[in-house]
Protein chains: 2
Amino acid sequence: MAEQTEQACPINPVVDLLFSRWTTPIVWVLEHHGRLRFNELQRLVPSITPKVLTQRLRQLERDGLVIRTYHAEIPPRVEYEISDLGRTLVPVFRTLHDWSGAHLPQVAAARRAYDTAQEEEAAWAEG
Amino acid sequence: MAEQTEQACPINPVVDLLFSRWTTPIVWVLEHHGRLRFNELQRLVPSITPKVLTQRLRQLERDGLVIRTYHAEIPPRVEYEISDLGRTLVPVFRTLHDWSGAHLPQVAAARRAYDTAQEEEAAWAEG
DNA sequence: CGGTATCCTATAGGATACTG
DNA sequence: CAGTATCCTATAGGATACCG
């Protein structure tokens, strides 16, 4: 199935890579705060649980977007930072951010229009 | 939670809007084939079930990215097409596509490196 | 400190059958 | 034709507790 979906939409692989849940907040925070320790990340990415944070960080590390550095001290210290490859996402994120600024209000308006149309339709069906 | 995640990452809303599952293939196909009927869409978006296709199309219609036209004929005919707002996504998708071409190979290489490192570590622990 | 382990639930989404 | 309706399952992810 994945292969066929890929064929129908060439950006599907990059969507899976970059926009699975929690990945953008983590990359964004690392991009803006530099090196961070696990607990700092957990504080800066609100309401993420340690389990899920670990999962996503491992995935991002494997994908080469994030670098994990383990310092064998007592107590142990682990630092996460964005990689050069991860930094190539900055213009991508800016594109998305720009699109948001320009067009999210239109989306909000479309939703309002759709919802009121639905309500009117329901009211009409009612009586 | 959604609000806090938004604060941590300003592109989170647009990610939720554009990159929830199935939305990019649908928008992509509509963008490249023009007007399509429900069953044509179902054929062009491989392996999607009618239930899920309906759900996503309703969402895209509500968000103003897709236009649904109902022709009250027998048999009924419904056409879906991308809206002007939806067409503003073309440069966004191109950005993602360009990033893929430039950097997905690096991601693949990073994964191979990570996996072989893991294997070696496992082999070393084994003896 | 930086995670694991375990358990649990909620939701997305698949399969199948049916209908105005 | 263009969907609904129903049932079902798999997975993501939350809560909590624990560990080297």
Side-chain angles (χ1 to χ4, degrees), chain A residues 1-2 4-5 8-9 12 15-26 29-30 33 35-62 66-81 118 121-122 125, chain B residues 1-2 4-5 8-9 12 15-26 29-30 33 35-62 66-81 118 121-122 125:
Chain A
M1 176 209 112
Q4 292 200 0
T5 309
C9 179
N12 226 298
V15 170
D16 288 348
L17 176 72
L18 300 181
F19 304 114
S20 36
R21 219 169 149 190
W22 293 114
T23 58
T24 40
I26 293 172
V29 163
L30 282 175
H33 291 81
R35 303 194 140 199
L36 289 173
R37 304 177 65 167
F38 188 87
N39 285 342
E40 292 172 324
L41 260 171
Q42 197 181 348
R43 252 171 277 125
L44 288 168
V45 180
S47 79
I48 197 169
T49 58
K51 177 186 143 188
V52 174
L53 180 56
T54 303
Q55 288 174 347
R56 302 273 78 110
L57 284 172
R58 288 284 180 281
Q59 182 192 321
L60 290 167
E61 187 194 0
R62 187 172 104 99
V66 160
I67 299 170
R68 176 181 185 272
T69 311
Y70 177 81
H71 304 270
E73 307 166 358
I74 295 177
R77 185 161 55 92
V78 177
E79 288 180 316
Y80 294 91
E81 63 187 313
Q118 292 297 101
E121 193 179 311
Chain B
M1 177 208 113
Q4 292 201 358
T5 309
C9 179
N12 225 298
V15 170
D16 288 348
L17 176 72
L18 300 181
F19 304 114
S20 37
R21 219 171 149 191
W22 293 114
T23 58
T24 39
I26 293 172
V29 163
L30 283 174
H33 292 80
R35 305 195 139 201
L36 289 173
R37 304 176 65 167
F38 187 87
N39 284 343
E40 293 173 322
L41 260 172
Q42 197 180 348
R43 252 171 276 125
L44 289 168
V45 181
S47 79
I48 197 169
T49 60
K51 178 186 141 189
V52 174
L53 181 56
T54 303
Q55 288 174 347
R56 302 272 76 111
L57 284 172
R58 288 285 180 281
Q59 182 192 321
L60 289 167
E61 188 196 0
R62 188 172 103 98
V66 159
I67 298 170
R68 175 181 184 271
T69 311
Y70 177 80
H71 304 270
E73 308 166 358
I74 295 177
R77 186 161 56 92
V78 177
E79 289 180 316
Y80 293 91
E81 63 187 312
Q118 292 297 99
E121 194 178 311

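In what follows, chains carry the letters A, B, and so on, assigned in the order in which the sequence lines appear, proteins first and then strands, with residues in each chain numbered from 1.
Here the CG-CZ distance, from A:Leu41 to A:Arg35, works out to 12.5 Å after rounding to the nearest 0.5 Å. One distance of note links OG1 of A:Thr49 with CD of A:Gln55; it measures 7.5 Å at 0.5 Å rounding. With rounding to the nearest 0.5 angstrom, the CG atom of B:Asn12 is 5.0 Å from the OG1 atom of A:Thr24.
Taking every heavy atom of both residues into account, B:Phe38 and B:Pro50 meet most closely at CZ-O, 3.7 Å. Minimum heavy-atom separation, A:Leu30 to A:Tyr80: CD2-O, 3.5 Å. When all heavy atoms of B:Pro25 and A:Cys9 are compared, the pair lying nearest together is CA-CB, 3.7 Å.
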Item checked: Summary of protein contacts for nucleotides 5-10 of chain D, nucleotide by nucleotide, where a base hit scores B, a sugar-phosphate-only hit scores S (4.0 Å, heavy atoms) -> -BB---
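The NE2-C1' distance, from B:His71 to C:dG20, rounds to 18 Å in whole Å. In this entry the distance linking CG of B:Leu36 with P of D:dA2 reads 11 Å, nearest Å. A straight line from CZ of A:Phe19 to P of D:dA12 spans 19 Å, rounded to a whole angstrom. The CD atom of A:Glu40 sits 12 Å away from the C1' atom of C:dG2 (whole-angstrom rounding). Look at CD on A:Gln55: it is 10 Å from P on C:dT4, rounded to the nearest Å. Atom C1' of nucleotide D:dA2 and atom CD of B:Glu61 are separated by 14 Å, given to the nearest angstrom. Going from atom CZ of B:Arg77 over to atom P of D:dG3 covers 13 Å, rounded to whole Å. One atom, CD of A:Gln42, and another, C1' of D:dG13, lie 14 Å apart when rounded to the nearest Å.
The side chain of A:Phe38 has C:dG2 as its nearest neighbour among D:dA2, D:dG3, C:dG2. For A:Arg58, taking side-chain heavy atoms from C-beta onward, the closest of the listed nucleotides C:dG3, D:dT4, C:dG2 is C:dG3. Nearest to the side chain of A:Arg68, among D:dG3, C:dG13, C:dG3, sits C:dG3. Relative to the side chain of A:Trp22, the nucleotides D:dG20, D:dG14, C:dG3 differ in distance, and D:dG14 lies closest.
Side-chain contact, B:Gln59 with B:Arg62: no donor N or O sits under 3.5 Å from an acceptor N or O.
Of the listed residues (A:Thr54, A:Leu36, A:Leu53), just one forms a side-chain contact (heavy atoms from CB on, under 4.5 Å) with A:Gln42, and that residue is A:Leu53. Each of A:His71, A:Arg37, A:Arg68 was evaluated against A:Glu79; a single residue qualifies, A:His71, per the side-chain hydrogen bond (donor to acceptor under 3.5 Å, both in side chains) test.
Phosphate proximity of D:dG13 to A:Arg56: present, with a side-chain N or O under 4.0 Å from OP1 or OP2. Residue A:Arg37 has a polar side-chain atom (N or O) positioned under 4.0 Å from OP1 or OP2 of C:dG2. Close to C:dC1, at under 4.0 Å from its OP1 or OP2, lies no side-chain N or O of A:Tyr80.
Axis deviation across the helix from C:dC1-D:dG20 to C:dG20-D:dC1 amounts to 60°, comparing end segments of five pairs, rounded to 10 degrees.
Mapped onto DNA chain C by nearest heavy atom, A:Pro76 and A:Pro50 fall at different nucleotides, with A:Pro76 at the one closer to the 5' end.
Between A:Glu61 and A:Leu57, every side-chain heavy-atom pair lies at or beyond the 4.5 Å cut-off.
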